[in-house]
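The chains referred to below are lettered A, B, ... by the order of the sequence lines, with proteins before strands, and numbering in each begins at 1.
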Amino acid sequence: MYVCGPTVYSNVHLGNVRTFLTFDIVYRYLQHLGFKVRYVRNITDVGHLTGDTDDGEDKIGKKARLENLEPMEVVQRYTNDFHDVMNVFNILRPSIEPTATGHIVEQIESILRIMTNGYAYEVNGSVYFSVRKFSEDHPYGELSGRKIDELMNNTRDLDGQSEKRDPLDFALWKAADSSHLMQWPSPWGMGFPGWHLECSVMSTKYLGETFDIHGGGMDLKFPHHECEIAQNVGANGGERPVRYWMHGNMLTVNGRKMAKSEGNGFTPEELITGNHKLLDKGYTPMTVRFFMLMGHYASTLDFSNEALQAAEKGLSKLEKAMETLAGLEPTSGEAGYDVQAFADKCHAAMNDDFNTPILIATLFDGVKAVNGAAAGRVALSAEDIASLKGTFAAFLRDVLGLQAERASGGSEEVAGETEALLDLIVDMRTTAKANKDWGTADKIRDVLAAHGITIQDGKDGSSWTRG
RNA sequence: GGUCCGAUGGCCGAGUGGCUAGGCUCAGCUCUGCAAAAGCUGCUACAGCGGUUCGAAUCCGCUUCGGACCUCCA
């Protein structure tokens, strides 16, 4: 599986996170099913232009110039940021994370093959892919459902400044003047590779000329992925280098795509701290992850405080059920629960195009059974409980990647002491309750609540939980 | 302007011809010293109009509104 990774010239925002989360789920589920997955996700560290015009500047080069940094300092900074964010959201690392600058040689070789096949031409030290020529021999626009003639008629900028023969052509190699911070020698002089090329070259190198899954954001479908196909076919022949294309849909804010240019993006940090004008409060990374998984990856997902709060409550319900399940004792009786059907439904949900909303709905069905068992309404055998534990662990933890939130701060010893103290306090409150000293009992509960500790009175005594 | 997609209850969001999605919210009830948690019940959802069909949220047409892409975007 190949997924288009980030261009590391600025901090990632939540919209970016959604896409990588989508493919994290694919990766996790395929592994759960027992597939050996080679997951390649690139880092774009050169070649991504700020525009498609000939004076378009390299995004990383521009950032480096503006901040007076080495381009590789920019790359390192935002690559680190990207990795940090992926870790925060519990998104697994890919098997291979190649960079564009690490594959300049392969890119030049690929360009030479495309030129040999007659689909590219050189102008003033730059090399362009000829879409018109390519389309005479192969389909172009198949993936995004576009037709060459329509594209020709609807090209926006028609000013004749371009050295391209055709507005649809795209750069494989761009000549660089001495002011460019990033440039490499090539058969056509000093320059740097075009953006689309790196993905073609790296996917082919690590996954072969034909591979199973190619993912990326919906906004990359055209032209990026269309160009990738053309380059692969133009260099290696064949017709369809990718068996399955998967596109994650956009995260929207007030119905509009979250994008840097719209100024409506949240950084993960702003979301967690709640430090943003559109946010009522902060949310934990797992709440955000759960929120995103409540929608199907192919649908747009609208961001809102209400939706985040719903996710927070829902996830909490699941987590509580996990705790309940851990301490559940086997019972015998009539009203049982079909744990096998439950597991089967979980698989069926994911088998249907990674339908995480259905999976979550199914998990809530399991929650009902767990709570029912805890209340003595549902009878579960030891085998049933073991099965439920296995299914929840597999789907909630492994597939959905929702890990238990850890109490913040403190070493394990301190945490242990805190727990002992809390147990003592709750015990004292139970004594107060037994003496009908409601004032003391309520005061203890209120003060602990102010510190994020919730006390619950059950029929078998009181217990406390964080958060 | 072109291409494509979408419109589901108070909110989010699944579902593609007949069967309760689910979560959250709100109200009532059970339990409880009071809460919380858990449970039960309800808030009579499928943008509008027409068509196909025994039957349409689901298929077809039109209308209205929204979005994405066509330029860099996850």
Side-chain angles (χ1 to χ4, degrees), chain A residues 3-7 9-10 12-23 48-53 56-57 59 141 144-147 149-157 167-168 195 215-224 247-252 254-262 265 290-291 293-296 298-318 320-321 324 349 352 355-365 367-368 370-372 374-375 377 433 436-438 441-442 445-446 449 454-459 462-463 465:
Chain A
V3 173
C4 292
T7 300
Y9 72 104
S10 68
V12 292
H13 61 70
L14 270 189
N16 306 102
V17 171
R18 189 184 181 204
T19 297
F20 300 122
L21 172 60
T22 293
F23 296 103
H48 208 153
L49 303 182
T50 53
D52 194 36
T53 51
E57 198 169 2
K59 288 188 173 187
S144 56
R146 285 160 209 267
K147 295 181 175 61
D149 293 333
E150 285 169 0
L151 286 168
M152 295 304 252
N153 295 334
N154 292 304
T155 311
R156 275 185 185 174
D157 53 317
L168 290 183
W195 173 45
M218 194 78 96
D219 46 2
L220 296 184
K221 201 172 188 179
F222 187 90
H224 184 59
H247 290 100
N249 216 320
M250 301 292 106
L251 182 67
T252 60
N254 295 322
R256 294 191 166 272
K257 175 183 171 181
M258 182 179 282
K260 279 169 196 144
S261 55
E262 296 268 349
F290 185 67
F291 156 71
L293 295 174
M294 293 210 312
H296 190 253
S299 301
T300 57
L301 177 66
D302 200 53
F303 174 93
S304 70
N305 278 291
E306 292 76 12
L308 259 304
Q309 274 159 27
E312 190 172 53
K313 287 276 185 69
L315 179 59
S316 159
K317 197 170 172 179
L318 278 169
K320 278 178 185 154
T324 306
D352 186 11
N355 199 324
T356 54
I358 295 288
L359 172 60
I360 289 169
T362 306
L363 288 177
F364 274 109
D365 192 57
V367 168
K368 269 192 169 180
V370 169
N371 288 332
R377 284 188 310 276
K433 278 178 61 185
K436 297 203 191 304
D437 181 0
W438 310 127
D442 290 350
R445 189 169 65 196
D446 292 347
T454 308
I455 289 194
Q456 290 169 14
D457 298 337
K459 60 180 190 297
S462 302
S463 62
T465 52

OP1 or OP2 of B:A74 under 4.0 Å from side-chain N/O of A:R18: no
N or O in side chain of A:N355 less than 4.0 angstrom from B:G15 OP1/OP2: yes
Can you tell me which nucleotide in [options] comes closest to the side chain of [X]?
| X | options | value |
| --- | --- | --- |
| A:W438 | B:C69, B:C12, B:G33 | B:G33 |
| A:A361 | B:G13, B:G22, B:A74 | B:G22 |
| A:R146 | B:A36, B:A38, B:G2 | B:G2 |
| A:D302 | B:G13, B:G33, B:A68 | B:G13 |
| A:K317 | B:A74, B:C24, B:C69 | B:C24 |
| A:D457 | B:A38, B:G22, B:A35 | B:A35 |
| A:F364 | B:G23, B:C70, B:A74 | B:G23 |

Backbone N/O of A:L293 and side chain of A:T356: donor-acceptor pair under 3.5 Å: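 Here the side-chain-to-backbone pair exists.
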Atom C1', compared across B:U44 and B:U20: separation rounded to whole Å: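 Approximately 14 Å lies between the C1' atom of B:U44 and that of B:U20.
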Sugar-phosphate only, base, or nothing, as touched by A:K436 at under 4.0 Å among non-hydrogen atoms: nothing
Sugar-phosphate only, base, or nothing, as touched by A:L308 at under 4.0 Å among non-hydrogen atoms: nothing
Residue closer to the 5' end of RNA chain B, A:N16 versus A:G145 (nearest nucleotide): A:G145
Residue whose nearest RNA chain B nucleotide is more 5′ - A:R377 or A:S299: A:S299
Sidechain N-carboxylate O distance under 4.0 Å for A:D365, A:K368: no
Heavy-atom check, side chain of A:L151 versus side chain of A:F222, under 4.5 Å: yes
Stacking check A:F20 vs B:A74 (5.5 Å / 30 deg): no
